[in-house]
Amino acid sequence: MRKKIVAGNWKMNTNLQEGIELAKAVAAKSVETPENVGLIVAAPFTHLCAVAEAVKGSKVEVSAQNCADHEKGAYTGEVSVGMLTSVGCQWTILGHSERRQYYGETDEKLVEKVKLALGAGLGVILCVGENLDEREAGKHFEVVTSQIENVLFQFTAEDMAKIVVAYEPVWAIGTGKTATAEQAEEIHACIRKVLAGKFGETVAEDTTILYGGSCKPSNAKELFAQKDIDGGLIGGAALKADDFIAIAQSY
Ligand code: 13P
């Protein structure tokens, strides 16, 4: 049975004090969420150590938003997977569209990052999704399929146990424009089919696939009711503990 997850991507928001406060509030309210729904908070690098401490003893797990594509060495400004695990981080988001768009994150680089993350024992939330032009040109299935093939097809069925996929249509991120439940479901079903083709039905059925893009308490229920949507990767609404928890309560 695949796990349901609601993950909050804080992006470049909150200072350390605000981050700790938010993490503590999420941890305190996490007892009000269904037992079978996992909660993850993806905080900025600078906050991870303190956020891990703040959520200790609760079911909330901690994620980074990125990691380096090298293990260690002369890579000024980068943060390695070993550094992440050493501060109590359990996950990393990889391939977020903002990193693909602004920081030249390619599928090739992502393969390296996923390898390092899994090797270090981190879980990976791999983001995929089409932009508005690709959606309007009817290329969304093609784009998402190739992102999945380029990255995940380099891994094994065993590796997939530590990988969560997040479908985030770029046109729905931070725009207030959510994909309809039908639009999201048809891509999620397509992702699951592509995974089944490579790794078999069991792995595909066991893979958690999250939806991200203007997900909020008012639309989470309808999205999460879809057969292939296993939770959400939440941006803006994750910055308010009450909203984040309300989304998790939509199950
Ligand atoms: P919003 O929920 O703010 O649209 O952001 C979604 C997202 O990018 C999560 O990674």
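Just so you know, ligand 1 is whichever comes first in the structure, and atom 1 is the first atom listed for that ligand. Counting from 1, the numbers follow the sequence of the chain as shown.
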Student: If you measure from atom 4 (O) of ligand 1 to every heavy atom of A237, C215, G174, which option wins on shortest distance?
Tutor: G174
Student: Taking a cutoff of less than 4.0 Å between a non-hydrogen atom of the residue and any ligand atom, is A166 in contact with ligand 1?
Tutor: no
Student: Could you tell me the residue and atom name of the protein heavy atom closest to atom 2 (O) of ligand 1, and the distance to it rounded to 0.1 Å?
Tutor: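 Going by distance alone, atom 2 (O) of ligand 1 is nearest to G235 N, 2.9 Å.
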Student: Do side-chain atoms of Q147 reach the backbone of G129 as a donor and acceptor pair under 3.5 angstrom?
Tutor: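 Checked: pair present.
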Student: Measure S97 to ligand 1 on non-hydrogen atoms and call it side chain, backbone, both or neither using the 4.0 Å cut-off.
Tutor: neither
Student: Test of understanding: with ring-ring contact (aromatic ring centres under 6.0 Å, His included), list the residues that count as partners of H140, not counting sequence neighbours.
Tutor: none
Student: By number and element, which atoms of ligand 1 are closer than 4.0 Å to a non-hydrogen atom of L233?
Tutor: 9 (C), 10 (O)
Student: Could an N or O of ligand 1 be found under 3.5 Å from any N or O of N9, whether backbone or side chain?
Tutor: yes
Student: For ligand 1, which atoms sit closer than 4.0 Å to a heavy atom of G213?
Tutor: 4 (O), 6 (C)
Student: Spell out, as yes or no, whether a donor-acceptor pair under 3.5 Å connects the side chain of Q226 to the backbone of L223.
Tutor: no
Student: Give the atoms of ligand 1, by number and element, whose distance to some non-hydrogen atom of A172 is under 4.0 Å.
Tutor: 4 (O)
Student: So, do E130 and Y167 sit near enough that their side-chain heavy atoms are less than 4.5 Å apart?
Tutor: yes
Student: Would you say ligand 1 has an N or O under 3.5 Å from any N or O of H96?
Tutor: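 N/O-N/O distance below 3.5 Å exists for this pair.
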Student: Mind checking whether Y251 and F224 have parallel, tilted or perpendicular rings, split at 30° and 60°?
Tutor: parallel
Student: Relative to the heavy atoms of S214, which atoms of ligand 1 are at a distance of less than 4.0 Å?
Tutor: 1 (P), 2 (O), 4 (O)
Student: What is the closest protein heavy atom to atom 9 (C) of ligand 1, and at what distance does it sit?
Tutor: E168 OE2, 2.8 Å
Student: Consider only side-chain heavy atoms of I, L, V, M, F, W and Y, link residues closer than 4.5 Å, and tell whether V165 and L118 are in one cluster.
Tutor: yes
Student: Shortest non-hydrogen contact from W91 to L122?
Tutor: N-CD2, 3.7 Å
Student: Starting from atom 3 (O) of ligand 1, find the nearest protein heavy-atom neighbour and note its residue, name and distance.
Tutor: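 Residue, atom and distance for the closest contact: G236 N, 2.8 Å.
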Student: If we ignore hydrogens and angles and just use 3.5 Å, is the side chain of R100 paired with the main-chain N or O of C127 as donor and acceptor?
Tutor: yes
Student: Quick one: does K216 get within less than 4.0 Å of ligand 1, heavy atoms only?
Tutor: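 Heavy atoms of K216 never come under 4.0 Å of ligand 1.
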Student: Fit a plane to each ring of H188 and Y211, take the angle between them on a 0 to 90° scale, and name the class: parallel (under 30°), tilted (30 to 60°) or perpendicular (over 60°).
Tutor: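 Geometry flag for Y211 against H188: tilted rings.
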